Amino acid sequence: MKFSTLALSDEMVSNLDKIGYEKMTPVQAETLPLILEGKDVIAQAKTGSGKTAAFGIGLLSKLQVKKFRVQALVLCPTRELADQVAKELRVIAKFAHNIKILTLCGGAAFGPQLGSLRHGAHIIVGTPGRILKHLNKETLSLENLETLVLDEADRMLDMGFIEEIDKVLEYAPKTRQTLLFSATYTNEITFISNRIQNDAVSVKTVSTEVKNSIQERFYETKNKVDSLIKIFSTFKPENIIVFTNMKVVAKEIAEKLAQNKIDALAIHGDLEQYERNDVLVQFANKSCPVLIATDVAARGLDIKELSMVVNYDLPHTEETYTHRIGRTGRAGAEGIAITLYDEYEIENAMEYKDEFRIFEGSEALKKQNNFEMKPQNVTLVIEGGKKDKLRAGDLLGALTGENGLKGSSIGKIDIYDRQAYVAIQREFIDEAHKKLSNGRIKNKKFSVWVL
Ligand code: ADP
Ligand code: MG
(Lines give C-alpha, C1' and ligand atoms only; values in the text may rest on other atoms or scores of the structure.)
(Ligands and ions follow the chains in the order given, each with its own letter.)
Protein backbone atom coordinates (compact mmCIF):
# COMPACT_ATOMS: atom_id res chain seq x y z
CA MET A 1 0.00 0.00 0.00
CA LYS A 2 1.13 3.48 -0.85
CA PHE A 3 1.56 6.27 1.67
CA SER A 4 -0.78 8.40 -0.49
CA THR A 5 -3.72 6.27 0.67
CA LEU A 6 -3.31 7.67 4.17
CA ALA A 7 -4.54 10.96 5.57
CA LEU A 8 -1.14 12.62 5.15
CA SER A 9 -0.25 16.03 3.81
CA ASP A 10 1.02 16.25 0.21
CA GLU A 11 4.32 17.56 1.54
CA MET A 12 4.75 14.52 3.76
CA VAL A 13 3.93 12.07 0.94
CA SER A 14 6.22 13.76 -1.52
CA ASN A 15 9.11 13.83 0.96
CA LEU A 16 8.61 10.11 1.71
CA ASP A 17 8.77 9.51 -2.00
CA LYS A 18 11.96 11.56 -2.22
CA ILE A 19 13.68 9.54 0.51
CA GLY A 20 12.75 6.31 -1.26
CA TYR A 21 9.83 5.14 0.86
CA GLU A 22 7.55 4.00 -1.94
CA LYS A 23 5.15 1.87 -0.04
CA MET A 24 4.40 1.02 3.55
CA THR A 25 6.02 -1.89 5.32
CA PRO A 26 3.49 -4.25 6.99
CA VAL A 27 3.84 -2.69 10.44
CA GLN A 28 3.38 0.77 8.95
CA ALA A 29 0.31 -0.33 6.97
CA GLU A 30 -1.27 -1.77 10.09
CA THR A 31 -0.41 0.91 12.62
CA LEU A 32 -0.42 4.19 10.69
CA PRO A 33 -4.18 4.40 10.07
CA LEU A 34 -4.74 3.89 13.81
CA ILE A 35 -1.95 6.25 14.85
CA LEU A 36 -3.25 8.98 12.53
CA GLU A 37 -6.69 8.58 14.09
CA GLY A 38 -5.08 9.40 17.42
CA LYS A 39 -5.42 5.95 18.95
CA ASP A 40 -2.98 4.46 21.45
CA VAL A 41 -1.22 1.59 19.74
CA ILE A 42 0.90 -1.26 20.98
CA ALA A 43 2.81 -2.77 18.12
CA GLN A 44 4.97 -5.82 17.90
CA ALA A 45 7.16 -6.32 14.87
CA LYS A 46 10.55 -7.74 14.04
CA THR A 47 13.72 -5.65 14.00
CA GLY A 48 14.17 -3.85 10.71
CA SER A 49 10.48 -3.77 9.92
CA GLY A 50 10.20 0.01 9.84
CA LYS A 51 8.80 0.80 13.26
CA THR A 52 10.63 4.13 13.52
CA ALA A 53 8.89 5.55 10.47
CA ALA A 54 5.56 4.18 11.75
CA PHE A 55 5.60 6.29 14.88
CA GLY A 56 7.74 8.99 13.24
CA ILE A 57 5.24 9.74 10.48
CA GLY A 58 2.49 9.62 13.08
CA LEU A 59 3.98 12.09 15.52
CA LEU A 60 5.34 14.40 12.80
CA SER A 61 1.97 14.60 11.07
CA LYS A 62 0.27 16.17 14.00
CA LEU A 63 3.15 18.43 14.98
CA GLN A 64 2.34 22.12 15.10
CA VAL A 65 5.61 23.44 13.73
CA LYS A 66 4.83 27.05 14.60
CA LYS A 67 4.33 26.17 18.23
CA PHE A 68 7.88 25.88 19.50
CA ARG A 69 7.25 23.51 22.41
CA VAL A 70 8.10 19.87 23.09
CA GLN A 71 5.17 17.98 21.57
CA ALA A 72 6.64 14.52 21.23
CA LEU A 73 8.93 12.39 23.36
CA VAL A 74 10.53 9.15 22.22
CA LEU A 75 12.08 6.95 24.92
CA CYS A 76 14.78 4.50 23.81
CA PRO A 77 16.89 1.99 25.76
CA THR A 78 20.34 3.17 24.63
CA ARG A 79 22.12 6.16 23.26
CA GLU A 80 22.87 4.43 19.95
CA LEU A 81 19.22 3.66 19.39
CA ALA A 82 18.22 7.19 20.31
CA ASP A 83 20.73 8.54 17.81
CA GLN A 84 19.40 6.22 15.11
CA VAL A 85 15.82 7.21 15.79
CA ALA A 86 16.64 10.93 15.78
CA LYS A 87 18.51 10.54 12.50
CA GLU A 88 15.56 8.85 10.82
CA LEU A 89 13.09 11.36 12.24
CA ARG A 90 15.18 14.22 10.85
CA VAL A 91 15.00 12.69 7.38
CA ILE A 92 11.23 12.25 7.57
CA ALA A 93 10.86 15.75 9.04
CA LYS A 94 12.30 17.32 5.89
CA PHE A 95 8.75 17.80 4.59
CA ALA A 96 8.67 21.02 6.61
CA HIS A 97 11.23 23.65 7.57
CA ASN A 98 12.68 24.10 11.02
CA ILE A 99 11.51 21.07 12.92
CA LYS A 100 13.85 20.79 15.87
CA ILE A 101 14.71 17.30 17.12
CA LEU A 102 16.95 16.96 20.16
CA THR A 103 18.56 13.89 21.70
CA LEU A 104 19.02 13.68 25.47
CA CYS A 105 20.98 10.64 26.59
CA GLY A 106 22.99 9.54 29.56
CA GLY A 107 26.73 9.20 29.05
CA ALA A 108 26.81 12.59 27.33
CA ALA A 109 27.71 15.85 29.06
CA PHE A 110 24.81 17.58 30.78
CA GLY A 111 25.82 21.18 30.16
CA PRO A 112 25.51 21.27 26.35
CA GLN A 113 22.11 19.61 26.67
CA LEU A 114 20.98 22.51 28.84
CA GLY A 115 22.09 24.95 26.15
CA SER A 116 20.19 23.07 23.44
CA LEU A 117 17.10 22.82 25.59
CA ARG A 118 17.15 26.56 26.16
CA HIS A 119 16.96 27.02 22.40
CA GLY A 120 13.83 24.90 22.37
CA ALA A 121 12.74 21.76 20.50
CA HIS A 122 9.66 20.10 19.02
CA ILE A 123 10.72 16.52 19.57
CA ILE A 124 12.92 14.92 22.22
CA VAL A 125 14.51 11.52 21.74
CA GLY A 126 16.45 9.99 24.60
CA THR A 127 17.06 7.47 27.33
CA PRO A 128 14.72 7.44 30.36
CA GLY A 129 17.32 8.24 33.03
CA ARG A 130 18.65 11.41 31.44
CA ILE A 131 15.19 12.64 30.45
CA LEU A 132 14.09 12.18 34.04
CA LYS A 133 17.07 14.16 35.26
CA HIS A 134 16.07 17.10 33.06
CA LEU A 135 12.48 16.85 34.22
CA ASN A 136 13.56 16.83 37.86
CA LYS A 137 15.76 19.87 37.29
CA GLU A 138 12.94 21.53 35.37
CA THR A 139 15.19 22.05 32.39
CA LEU A 140 12.64 20.15 30.31
CA SER A 141 8.87 20.53 30.36
CA LEU A 142 6.34 18.10 28.97
CA GLU A 143 3.41 20.42 29.50
CA ASN A 144 2.63 20.54 25.78
CA LEU A 145 3.31 16.88 25.09
CA GLU A 146 0.97 15.30 22.55
CA THR A 147 2.74 12.04 21.73
CA LEU A 148 4.78 9.70 23.88
CA VAL A 149 6.60 6.79 22.26
CA LEU A 150 8.26 3.86 23.99
CA ASP A 151 10.56 2.37 21.39
CA GLU A 152 12.01 -1.09 22.05
CA ALA A 153 9.89 -1.26 25.17
CA ASP A 154 10.91 -4.86 25.84
CA ARG A 155 14.58 -3.90 25.93
CA MET A 156 13.90 -0.99 28.21
CA LEU A 157 12.13 -3.31 30.63
CA ASP A 158 15.00 -5.80 30.39
CA MET A 159 17.47 -3.08 31.18
CA GLY A 160 15.51 -2.16 34.27
CA PHE A 161 14.10 1.18 33.18
CA ILE A 162 10.59 0.62 34.49
CA GLU A 163 10.92 3.01 37.43
CA GLU A 164 12.39 5.80 35.36
CA ILE A 165 9.62 5.40 32.80
CA ASP A 166 6.99 5.61 35.52
CA LYS A 167 8.56 8.76 36.92
CA VAL A 168 8.83 10.37 33.48
CA LEU A 169 5.13 9.69 33.02
CA GLU A 170 4.28 11.64 36.14
CA TYR A 171 5.45 14.74 34.26
CA ALA A 172 3.36 14.04 31.16
CA PRO A 173 -0.19 15.25 30.62
CA LYS A 174 -2.91 12.62 31.02
CA THR A 175 -4.43 13.35 27.64
CA ARG A 176 -1.84 12.31 25.17
CA GLN A 177 -1.27 9.64 22.58
CA THR A 178 0.96 6.83 23.79
CA LEU A 179 2.60 4.43 21.35
CA LEU A 180 4.45 1.36 22.46
CA PHE A 181 6.78 -0.55 20.14
CA SER A 182 8.41 -3.84 20.92
CA ALA A 183 10.05 -6.78 19.19
CA THR A 184 8.56 -9.28 21.65
CA TYR A 185 5.22 -9.44 23.36
CA THR A 186 5.46 -10.52 26.98
CA ASN A 187 3.27 -10.27 30.06
CA GLU A 188 5.38 -7.37 31.24
CA ILE A 189 4.60 -5.50 28.03
CA THR A 190 0.87 -6.04 28.46
CA PHE A 191 1.22 -4.94 32.06
CA ILE A 192 2.97 -1.68 31.27
CA SER A 193 0.59 -1.03 28.38
CA ASN A 194 -2.40 -1.38 30.70
CA ARG A 195 -0.90 1.13 33.03
CA ILE A 196 0.24 3.83 30.66
CA GLN A 197 -2.00 3.50 27.62
CA ASN A 198 -5.64 4.18 27.04
CA ASP A 199 -7.73 1.56 25.21
CA ALA A 200 -4.65 0.55 23.27
CA VAL A 201 -5.14 -1.28 20.01
CA SER A 202 -2.70 -4.11 19.68
CA VAL A 203 -1.07 -4.89 16.36
CA LYS A 204 1.16 -7.86 15.69
CA THR A 205 2.77 -8.32 12.34
CA VAL A 206 4.65 -11.43 13.30
CA SER A 207 2.24 -14.27 13.67
CA THR A 208 2.40 -15.53 17.22
CA GLU A 209 -0.54 -17.77 16.46
CA VAL A 210 1.84 -20.57 15.60
CA LYS A 211 1.54 -23.16 18.24
CA ASN A 212 4.49 -23.58 20.51
CA SER A 213 6.42 -26.37 18.99
CA ILE A 214 8.34 -28.56 21.34
CA GLN A 215 10.37 -31.45 20.14
CA GLU A 216 10.18 -34.18 22.78
CA ARG A 217 12.98 -36.73 22.95
CA PHE A 218 13.67 -39.56 25.37
CA TYR A 219 17.02 -41.30 25.88
CA GLU A 220 17.76 -44.47 27.75
CA THR A 221 21.20 -44.15 29.30
CA LYS A 222 23.61 -45.76 31.72
CA ASN A 223 25.54 -42.57 32.40
CA LYS A 224 23.34 -39.51 32.72
CA VAL A 225 26.05 -36.84 33.01
CA ASP A 226 27.82 -38.21 29.96
CA SER A 227 24.55 -38.20 28.02
CA LEU A 228 23.81 -34.68 29.18
CA ILE A 229 27.08 -33.40 27.74
CA LYS A 230 26.45 -35.23 24.48
CA ILE A 231 22.97 -33.73 24.29
CA PHE A 232 24.38 -30.20 24.60
CA SER A 233 27.02 -31.00 22.01
CA THR A 234 24.48 -32.52 19.60
CA PHE A 235 21.70 -29.93 19.81
CA LYS A 236 23.74 -26.82 20.74
CA PRO A 237 21.03 -25.13 22.80
CA GLU A 238 21.69 -21.59 24.02
CA ASN A 239 20.16 -21.84 27.46
CA ILE A 240 18.98 -24.88 29.32
CA ILE A 241 17.26 -25.81 32.55
CA VAL A 242 18.07 -29.29 33.78
CA PHE A 243 15.45 -30.53 36.23
CA THR A 244 16.29 -33.07 38.89
CA ASN A 245 13.95 -34.65 41.40
CA MET A 246 16.48 -34.39 44.22
CA LYS A 247 18.32 -31.29 45.32
CA VAL A 248 21.46 -33.10 46.40
CA VAL A 249 21.95 -34.27 42.83
CA ALA A 250 21.73 -30.73 41.42
CA LYS A 251 25.01 -29.57 42.94
CA GLU A 252 26.76 -32.75 41.88
CA ILE A 253 25.70 -32.38 38.24
CA ALA A 254 26.82 -28.75 38.12
CA GLU A 255 30.27 -29.74 39.41
CA LYS A 256 30.64 -32.55 36.91
CA LEU A 257 29.59 -30.31 34.03
CA ALA A 258 32.10 -27.69 35.11
CA GLN A 259 34.85 -30.33 34.99
CA ASN A 260 33.83 -30.83 31.37
CA LYS A 261 34.11 -27.12 30.50
CA ILE A 262 30.40 -26.51 30.62
CA ASP A 263 29.40 -23.49 32.65
CA ALA A 264 26.59 -24.54 34.95
CA LEU A 265 25.02 -23.31 38.17
CA ALA A 266 22.71 -25.13 40.53
CA ILE A 267 20.05 -23.96 42.91
CA HIS A 268 19.73 -26.35 45.77
CA GLY A 269 18.75 -26.48 49.41
CA ASP A 270 22.11 -25.42 50.84
CA LEU A 271 22.01 -21.99 49.27
CA GLU A 272 21.31 -18.82 51.21
CA GLN A 273 18.62 -16.59 49.76
CA TYR A 274 21.17 -14.14 48.34
CA GLU A 275 23.18 -16.93 46.74
CA ARG A 276 20.04 -18.27 45.14
CA ASN A 277 19.31 -14.81 43.80
CA ASP A 278 22.85 -14.55 42.37
CA VAL A 279 22.28 -17.79 40.49
CA LEU A 280 18.86 -16.88 39.10
CA VAL A 281 20.07 -13.45 38.00
CA GLN A 282 23.07 -14.95 36.21
CA PHE A 283 20.97 -17.48 34.38
CA ALA A 284 18.34 -14.94 33.34
CA ASN A 285 20.88 -12.38 32.12
CA LYS A 286 22.84 -14.91 30.05
CA SER A 287 25.87 -15.11 32.33
CA CYS A 288 25.44 -18.85 32.62
CA PRO A 289 24.00 -21.16 29.95
CA VAL A 290 22.97 -24.08 32.17
CA LEU A 291 20.83 -24.05 35.29
CA ILE A 292 20.28 -27.18 37.34
CA ALA A 293 17.21 -27.02 39.52
CA THR A 294 14.46 -28.86 41.28
CA ASP A 295 10.86 -27.94 40.50
CA VAL A 296 10.51 -26.00 43.71
CA ALA A 297 13.76 -24.12 43.18
CA ALA A 298 12.83 -23.12 39.63
CA ARG A 299 9.57 -21.57 40.74
CA GLY A 300 9.27 -17.89 40.01
CA LEU A 301 12.00 -17.99 37.41
CA ASP A 302 10.79 -16.03 34.42
CA ILE A 303 12.81 -16.71 31.31
CA LYS A 304 11.27 -15.70 28.03
CA GLU A 305 13.22 -17.80 25.63
CA LEU A 306 14.48 -21.09 26.88
CA SER A 307 15.86 -23.28 24.12
CA MET A 308 15.99 -26.55 26.03
CA VAL A 309 14.56 -28.31 29.05
CA VAL A 310 16.11 -31.55 30.30
CA ASN A 311 14.50 -33.98 32.69
CA TYR A 312 17.54 -35.51 34.31
CA ASP A 313 15.22 -37.93 36.07
CA LEU A 314 11.82 -39.00 34.97
CA PRO A 315 9.32 -36.63 36.62
CA HIS A 316 7.07 -38.17 39.26
CA THR A 317 3.90 -37.23 37.44
CA GLU A 318 2.93 -36.41 33.86
CA GLU A 319 1.61 -33.09 35.10
CA THR A 320 5.09 -32.12 36.31
CA TYR A 321 6.43 -33.22 32.94
CA THR A 322 4.03 -30.96 31.04
CA HIS A 323 4.74 -28.05 33.33
CA ARG A 324 8.51 -28.41 32.97
CA ILE A 325 8.62 -28.73 29.21
CA GLY A 326 6.14 -25.85 28.79
CA ARG A 327 9.00 -23.51 29.71
CA THR A 328 10.64 -24.04 26.36
CA GLY A 329 9.40 -23.38 22.81
CA ARG A 330 7.69 -20.14 23.70
CA ALA A 331 6.39 -17.58 21.22
CA GLY A 332 6.67 -19.82 18.22
CA ALA A 333 10.35 -20.61 18.62
CA GLU A 334 11.14 -24.29 18.52
CA GLY A 335 12.14 -25.76 21.85
CA ILE A 336 13.59 -29.11 22.73
CA ALA A 337 12.52 -31.16 25.72
CA ILE A 338 14.77 -34.07 26.61
CA THR A 339 14.12 -36.77 29.14
CA LEU A 340 16.76 -39.17 30.43
CA TYR A 341 15.96 -42.48 32.06
CA ASP A 342 18.03 -45.39 33.28
CA GLU A 343 17.29 -49.07 33.58
CA TYR A 344 15.35 -48.54 36.82
CA GLU A 345 13.06 -46.00 35.19
CA ILE A 346 12.30 -47.91 31.98
CA GLU A 347 8.88 -49.05 33.03
CA ASN A 348 7.68 -45.55 33.89
CA ALA A 349 9.32 -44.08 30.82
CA MET A 350 7.32 -46.38 28.55
CA GLU A 351 4.13 -44.72 29.76
CA TYR A 352 5.25 -41.58 27.95
CA LYS A 353 5.32 -43.26 24.56
CA ASP A 354 3.10 -41.75 21.90
CA GLU A 355 3.26 -41.13 18.16
CA PHE A 356 5.03 -37.76 18.49
CA ARG A 357 7.66 -38.45 21.11
CA ILE A 358 11.01 -39.73 19.92
CA PHE A 359 12.66 -42.55 21.86
CA GLU A 360 16.32 -43.31 21.15
CA GLY A 361 19.28 -45.04 22.71
CA SER A 362 22.00 -42.73 24.00
CA GLU A 363 24.41 -44.02 21.32
CA ALA A 364 22.57 -41.69 18.91
CA LEU A 365 24.22 -38.77 20.74
CA LYS A 366 27.71 -37.60 19.82
CA LYS A 367 30.20 -35.41 21.61
CA GLN A 368 32.14 -33.04 19.45
CA ASN A 369 35.90 -32.73 20.16
CA ASN A 370 36.80 -29.90 22.51
CA PHE A 371 33.18 -29.12 23.11
CA GLU A 372 32.63 -26.42 25.70
CA MET A 373 29.88 -24.03 26.74
CA LYS A 374 30.72 -20.50 27.78
CA PRO A 375 28.24 -17.78 28.65
CA GLN A 376 27.56 -14.77 26.46
CA ASN A 377 27.81 -12.35 29.39
CA VAL A 378 29.48 -11.90 32.74
CA THR A 379 27.68 -10.27 35.66
CA LEU A 380 28.98 -7.29 37.61
CA VAL A 381 27.60 -6.72 41.09
CA ILE A 382 27.36 -3.21 42.47
CA GLU A 383 27.07 -2.78 46.21
CA GLY A 384 24.21 -0.33 45.94
CA GLY A 385 20.56 -0.48 45.01
CA LYS A 386 17.15 1.11 45.33
CA LYS A 387 17.90 2.20 48.89
CA ASP A 388 20.76 4.26 47.47
CA LYS A 389 18.43 5.64 44.81
CA LEU A 390 20.48 3.86 42.19
CA ARG A 391 18.69 3.49 38.86
CA ALA A 392 19.41 1.56 35.70
CA GLY A 393 20.06 4.83 33.91
CA ASP A 394 22.80 5.78 36.39
CA LEU A 395 24.64 2.53 35.75
CA LEU A 396 24.16 2.74 32.02
CA GLY A 397 25.38 6.32 32.07
CA ALA A 398 28.47 5.42 34.13
CA LEU A 399 29.29 2.55 31.78
CA THR A 400 28.73 4.31 28.48
CA GLY A 401 29.93 7.83 29.33
CA GLU A 402 33.28 9.29 28.19
CA ASN A 403 34.77 6.72 25.80
CA GLY A 404 32.80 4.08 27.59
CA LEU A 405 31.17 0.88 26.44
CA LYS A 406 28.61 0.66 23.69
CA GLY A 407 25.04 0.20 24.80
CA SER A 408 24.92 -3.00 22.80
CA SER A 409 27.56 -4.63 25.02
CA ILE A 410 25.37 -4.15 28.07
CA GLY A 411 22.62 -6.63 28.85
CA LYS A 412 19.99 -6.97 31.52
CA ILE A 413 20.17 -4.69 34.56
CA ASP A 414 18.56 -5.85 37.80
CA ILE A 415 18.27 -3.52 40.73
CA TYR A 416 17.38 -4.77 44.20
CA ASP A 417 17.22 -2.91 47.49
CA ARG A 418 20.91 -3.02 48.30
CA GLN A 419 22.49 -4.52 45.20
CA ALA A 420 22.47 -4.13 41.48
CA TYR A 421 23.50 -6.56 38.76
CA VAL A 422 24.60 -5.65 35.26
CA ALA A 423 25.23 -8.21 32.51
CA ILE A 424 28.22 -7.29 30.35
CA GLN A 425 29.32 -9.03 27.17
CA ARG A 426 32.23 -11.25 28.16
CA GLU A 427 34.83 -9.47 25.99
CA PHE A 428 34.18 -6.17 27.74
CA ILE A 429 34.03 -7.27 31.34
CA ASP A 430 37.44 -5.90 32.40
CA GLU A 431 36.75 -2.56 30.80
CA ALA A 432 33.33 -2.38 32.45
CA HIS A 433 34.70 -3.41 35.84
CA LYS A 434 37.39 -0.74 35.69
CA LYS A 435 34.99 1.91 34.54
CA LEU A 436 32.57 1.30 37.38
CA SER A 437 35.08 0.78 40.17
CA ASN A 438 37.34 3.71 39.25
CA GLY A 439 34.58 6.11 38.47
CA ARG A 440 31.69 7.40 40.51
CA ILE A 441 28.04 6.63 40.17
CA LYS A 442 25.74 9.47 41.22
CA ASN A 443 28.81 11.10 42.73
CA LYS A 444 29.39 8.19 45.04
CA LYS A 445 31.88 5.35 45.15
CA PHE A 446 30.38 1.89 45.20
CA SER A 447 32.23 -1.38 45.47
CA VAL A 448 31.91 -3.43 42.34
CA TRP A 449 32.88 -7.03 41.75
CA VAL A 450 32.59 -9.72 39.12
CA LEU A 451 30.22 -12.52 40.02
P1 ADP B 1 12.77 -1.26 13.31
O2 ADP B 1 12.72 -0.09 14.24
O3 ADP B 1 11.46 -1.88 13.09
O4 ADP B 1 13.82 -2.25 13.71
P5 ADP B 1 13.67 0.71 11.41
O6 ADP B 1 12.61 1.68 11.70
O7 ADP B 1 15.02 0.99 11.94
O8 ADP B 1 13.23 -0.74 11.88
O9 ADP B 1 13.72 0.52 9.81
C10 ADP B 1 14.62 -0.31 9.16
C11 ADP B 1 15.05 0.31 7.83
O12 ADP B 1 13.96 0.35 6.91
C13 ADP B 1 15.55 1.73 7.96
O14 ADP B 1 16.75 1.85 7.23
C15 ADP B 1 14.46 2.58 7.34
O16 ADP B 1 14.99 3.74 6.78
C17 ADP B 1 13.86 1.65 6.32
N18 ADP B 1 12.43 1.89 6.02
C19 ADP B 1 11.47 2.11 6.93
N20 ADP B 1 10.26 2.25 6.31
C21 ADP B 1 10.47 2.10 4.99
C22 ADP B 1 9.63 2.13 3.82
N23 ADP B 1 8.32 2.33 3.91
N24 ADP B 1 10.20 1.92 2.62
C25 ADP B 1 11.54 1.71 2.53
N26 ADP B 1 12.38 1.67 3.58
C27 ADP B 1 11.87 1.86 4.80
MG1 MG C 1 13.53 0.38 16.02
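If you read the sequence from its start, that first residue is 1, and numbering goes on from there. All ligand and atom numbering here is 1-based and tracks the order in the structure. Please read these numbers as outputs of a predicted model, since none were measured by experiment.
- Any N or O atom pair closer than 3.5 Å counts here, and Glu22 shares no such pair with ligand 1.
- Within the structure, ligand 1 lacks Phe181 among the residues with a heavy atom less than 4.0 angstrom away.
- What sits closest to atom 19 (C) of ligand 1 on the protein, heavy atoms only, is Gln28 NE2, 3.6 Å.
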> Does the pair Lys442 and Asp388 meet the rule for a salt bridge (Lys or Arg N to Asp or Glu O under 4.0 Å), with working shown?
Replying inline: CA-CA 10 Å; Lys442 289 197 105 165; Asp388 309 276; over 6 Å; no
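- Residue contacts with ligand 1 leave out Ala45, since none of its heavy atoms falls under 4.0 Å from the ligand.
- Counting only heavy atoms of the protein, atom 8 (O) of ligand 1 lies nearest to Gly50 N, 3.2 Å.
- With Thr379 as reference, Asn285 is the one residue of Asn285, Asp278, Asp414 to meet the side chain to side chain donor-acceptor pair (under 3.5 Å) rule.
- The presence of a protein heavy atom under 4.0 Å from atom 26 (N) of ligand 1 is confirmed.
- Within the structure, the closest approach of Gln84 to ligand 1 does not fall below 4.0 Å when heavy atoms are considered.
- Considering backbone and side-chain atoms together, Gly48 places an N or O closer than 3.5 Å to an N or O of ligand 1.
- Formation of a donor-acceptor pair under 3.5 Å by the Thr234 side chain with backbone atoms of Leu365 is not found in this model.
- When only non-hydrogen protein atoms are considered, atom 13 (C) of ligand 1 lies nearest to Glu88 OE1, 3.9 Å.
- In this structure, Ser202 OG and Asp40 CG are separated by 12.5 Å, a value rounded to the nearest 0.5 Å.
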> Can you list the steps and then say if Asp158 with Lys412 is a salt bridge (Lys or Arg N to Asp or Glu O under 4.0 Å)?
Replying inline: CA-CA 5 Å; Asp158 263 359; Lys412 205 166 184 291; 5.1 Å; no
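- In this structure, Lys46 counts as a contact residue of ligand 1, since one of its heavy atoms falls inside 4.0 Å of the ligand.
- Near Lys23, meaning under 4.0 Å from one of its heavy atoms, ligand 1 places the atoms 22 (C), 23 (N), 24 (N).
- With ligand atoms numbered from 1 in the order given, ligand 1 contributes 23 (N) to contacts under 4.0 Å with heavy atoms of Phe3.
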> Could you go step by step and tell me if Ile124 and Leu140 meet the side-chain contact (heavy atoms from CB on, under 4.5 Å) rule?
Replying inline: CA-CA 10 Å; Ile124 304 281; Leu140 168 68; 4.1 Å; yes
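- Residue Leu32 holds its CG atom at 6.5 Å from CZ of Phe3, rounded to the nearest 0.5 Å.
- The shortest contact between atom 17 (C) of ligand 1 and any protein heavy atom is with Tyr21 OH, 3.9 Å.
- The protein reaches atom 15 (C) of ligand 1 closely, with a heavy atom under 4.0 angstrom from it.
- In this structure, Phe110 and His134 have parallel ring planes: the angle between them is below the 30° cut-off, well short of the 60° mark.
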>> Show, in sequence, the C-alpha distance, side-chain angles and deciding distance for Lys386 and Asp417, and conclude whether the salt bridge (Lys or Arg N to Asp or Glu O under 4.0 Å) test is met.
In response: CA-CA 5 Å; Lys386 287 184 184 157; Asp417 280 353; 5.1 Å; no
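- Between Phe371 and Phe232, the ring center distance fails the sub-6.0 Å criterion.
- Which parts of ligand 1 touch Thr52 is read off a 4.0 Å heavy-atom cut-off, strictly below it: atoms 2 (O), 5 (P), 6 (O), 7 (O).
- Within a 4.0 Å radius of atom 23 (N) of ligand 1, the protein contributes one or more non-hydrogen atoms.
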